[in-house]
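The structure under discussion appears below in the form of structure tokens.
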Protein chains: 2
Amino acid sequence: MKKPCQHHTHKKQELSTLTSRLRRESRKVTGPRSAILEILRHHPHPLTNKEIFAELPAGECDLVTIYRAIQLLEKLGMVKRFDFGDGAARFELVAEGADGHYHHLVCTQCAGVVKIEECFPAEIERQIATKNRFQAVTHRLEFFGVCPDCQK
Amino acid sequence: MKKPCQHHTHKKQELSTLTSRLRRESRKVTGPRSAILEILRHHPHPLTNKEIFAELPAGECDLVTIYRAIQLLEKLGMVKRFDFGDGAARFELVAEGADGHYHHLVCTQCAGVVKIEECFPAEIERQIATKNRFQAVTHRLEFFGVCPDCQK
DNA sequence: CCACCAATTGCAAATCGTTTGCAACTAAAC
DNA sequence: GTTTAGTTGCAAACGATTTGCAATTGGTGG
């Protein structure tokens, strides 16, 4: 008996919401950018730039343009970067209002990804910060394992 | 009043202990390898290959040799890889008998590193594994913040 | 509707970390 | 010593990401 959506609030943002965010920052809403946002909107998984490129209709834009667009979106906080340790950065649209803080469980065989709600206990993190007199402490946490399909 | 060593057991392994491990695997104990092991022995921090290279007496060996040596040491479980998300892998000698599982608190300003004892609660990890029917679940966890010296 | 300008794009080339091919070299065993 | 599998240096290949630059374009003001 699985709940329909056990993850975070996942309502897809309107494309217009996203583009207006761009305009507000006096950035242009161009063909490549809308296309990239559309891809991200429809993929609730972290994607590499190359994967986004592959999803794009052939010749829509250059790979470099994607790197630049993603870079911009990340700077504006519209996209969050994830690192699964395989040498390629992955990006995911940040849900409206959310801080984009959550983690993943990645299959080491097929690279499948499940979003994880659990997070490192905030209190312990606070203790770590205090004990070491560090400020603005955050963490990067990802889980790895073998998914059901890859276990046979 | 700081305890002398608040980290894990940190007794330096003898170089001979390390080299014999190599011989046991029918690998050769060469100049470059001993030199690299010496560097690692004296640096209880994760080092990039390039940093190891810089520590080495000039011309001791090629950077490529370090990559290869580290690769071997990692395969033998003598060295553990860490990823601070800055594009360069870091390596640290695994304490004898230890599984090398611990984390770091990294300063985002100066890249200073503190070893962290706390770990993600094993029980919750088990729950995550069970709930998603994943096997052999582990995690990668690092903390980031601003160290005391960089706070002014 | 048009002109204007900063923002954007494509393409080629540069960077950076890491890996690989290969011929010359050497530690360790006999 | 001789032998040989394991190593090394050097050059080149690689994959991800960035940068320079000239050509293009979205959006604003008129």
Side-chain angles (χ1 to χ4, degrees), chain A residues 15-16 18-39 46-76 78-91 111, chain B residues 15-16 18-39 46-76 78-91 111:
Chain A
L15 181 58
S16 57
L18 295 167
T19 56
S20 65
R21 175 77 202 283
L22 281 178
R23 269 189 264 269
R24 202 185 318 146
E25 306 273 348
S26 57
R27 308 326 281 261
K28 293 176 179 174
V29 176
T30 65
R33 286 181 184 173
S34 324
I36 293 169
L37 286 170
E38 275 298 296
I39 307 262
L47 295 176
T48 64
N49 285 301
K50 206 191 286 184
E51 283 167 347
I52 296 174
F53 185 60
E55 291 289 333
L56 242 31
E60 167 66 51
C61 80
D62 198 275
L63 217 206
V64 176
T65 299
I66 299 183
Y67 272 96
R68 285 194 269 229
I70 287 290
Q71 208 169 27
L72 172 65
L73 293 174
E74 190 187 10
K75 192 170 56 176
L76 299 186
M78 299 172 64
V79 138
K80 174 137 191 260
R81 171 189 301 254
F82 289 99
D83 178 6
F84 292 171
D86 66 349
R90 279 153 217 272
F91 304 88
Chain B
L15 180 59
S16 58
L18 296 167
T19 55
S20 65
R21 175 77 201 281
L22 281 178
R23 270 189 263 267
R24 202 184 319 146
E25 307 274 347
S26 57
R27 309 324 280 266
K28 293 177 179 172
V29 177
T30 64
R33 286 180 182 173
S34 323
I36 293 170
L37 286 170
E38 275 298 297
I39 306 260
L47 294 176
T48 63
N49 285 300
K50 206 191 288 185
E51 284 168 346
I52 295 173
F53 185 59
E55 291 289 333
L56 241 33
E60 168 65 52
C61 81
D62 198 275
L63 217 205
V64 176
T65 299
I66 298 183
Y67 273 95
R68 284 194 269 229
I70 287 290
Q71 209 168 27
L72 172 66
L73 294 174
E74 190 186 10
K75 192 170 57 178
L76 298 186
M78 299 172 64
V79 136
K80 174 136 191 261
R81 171 190 301 254
F82 290 98
D83 178 5
F84 292 171
D86 66 348
R90 279 152 218 273
F91 304 88

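Proteins come first, then strands; the chains are lettered A, B, ... in the order of their sequence lines, and each starts at number 1. Quantities reported herein were computed from a predicted structural model and do not represent experimental measurements.
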What is the distance, rounded to the nearest whole Å, between atom [atom1] of [X] and atom [atom2] of [N]?
X     : N     : atom1 : atom2 : value
B/I36 : D/dT7 : CD1   : P     : 12 Å
B/R33 : D/dA5 : CZ    : P     : 16 Å
B/E25 : D/dA5 : CD    : C1'   : 15 Å

Nucleotide range of DNA chain C lying under 4.0 Å from chain A heavy atoms: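 First-to-last contact on DNA chain C, by the 4.0 Å heavy-atom rule, is C/dA6 to C/dA12.
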Residue pairs involving residues 67-76 of chain B (criterion salt bridge (Lys or Arg N to Asp or Glu O under 4.0 Å); sequence neighbours excluded): B/E74-B/R81
Inter- and intrachain pairs under salt bridge (Lys or Arg N to Asp or Glu O under 4.0 Å), touching residues 50-62 of chain B, at least two apart: B/E51-B/R90
Sugar-phosphate, base or nothing in reach of B/T48, heavy atoms under 4.0 Å: nothing
Residue closer to the 5' end of DNA chain C, A/P32 versus B/F91 (nearest nucleotide):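 Here A/P32 is the residue nearer the 5' end.
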Any side-chain heavy-atom pair of B/V29 and B/S34 under 4.5 Å: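 In contact.
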Contact under 4.0 Å: A/K50 side-chain N or O vs D/dG15 OP1/OP2: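 Looking at the OP1 and OP2 atoms of D/dG15, neither is under 4.0 Å from any side-chain N or O of A/K50.
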A/Q71 side-chain N/O to D/dT18 phosphate OP1/OP2 under 4.0 Å: yes
Just how far is it from atom [atom1] of [X] to atom [atom2] of [Y], taken to the nearest 0.5 Å?
X     : Y     : atom1 : atom2 : answer
A/E25 : A/L72 : CD    : CG    : 8.5 Å
A/Q71 : A/T65 : CD    : OG1   : 12.0 Å
A/L15 : A/L37 : CG    : CG    : 6.0 Å
B/T48 : B/F84 : OG1   : CZ    : 11.0 Å
B/I36 : B/E38 : CD1   : CD    : 11.5 Å

So which atom in [X] and which in [Y] form the shortest heavy-atom distance, rounded to 0.1 Å?
X     : Y     : value
A/L76 : A/R21 : O-NH2, 2.8 Å
A/N49 : A/L63 : O-CD2, 4.1 Å
B/G85 : A/D83 : CA-OD2, 4.0 Å
A/F53 : A/C61 : CE1-O, 3.0 Å

Side chain to side chain contact (heavy atoms under 4.5 Å, CB included) evaluation trace for A/L18 with A/L73: CA-CA 10 Å; A/L18 295 167; A/L73 293 174; over 6 Å; no
Residues in contact with DNA chain D, drawn from residues 56-70 of chain A - heavy-atom cutoff 4.0 Å: A/V64, A/Y67, A/R68
Footprint string (nucleotides 24-30 of chain D, 5' to 3'): B base within contact, S backbone only, - free, heavy atoms under 4.0 Å: -BBS---
End-to-end axis angle, where each axis spans five pairs of the helix from C/dC1-D/dG30 to C/dA13-D/dT18, to 10°: 30°
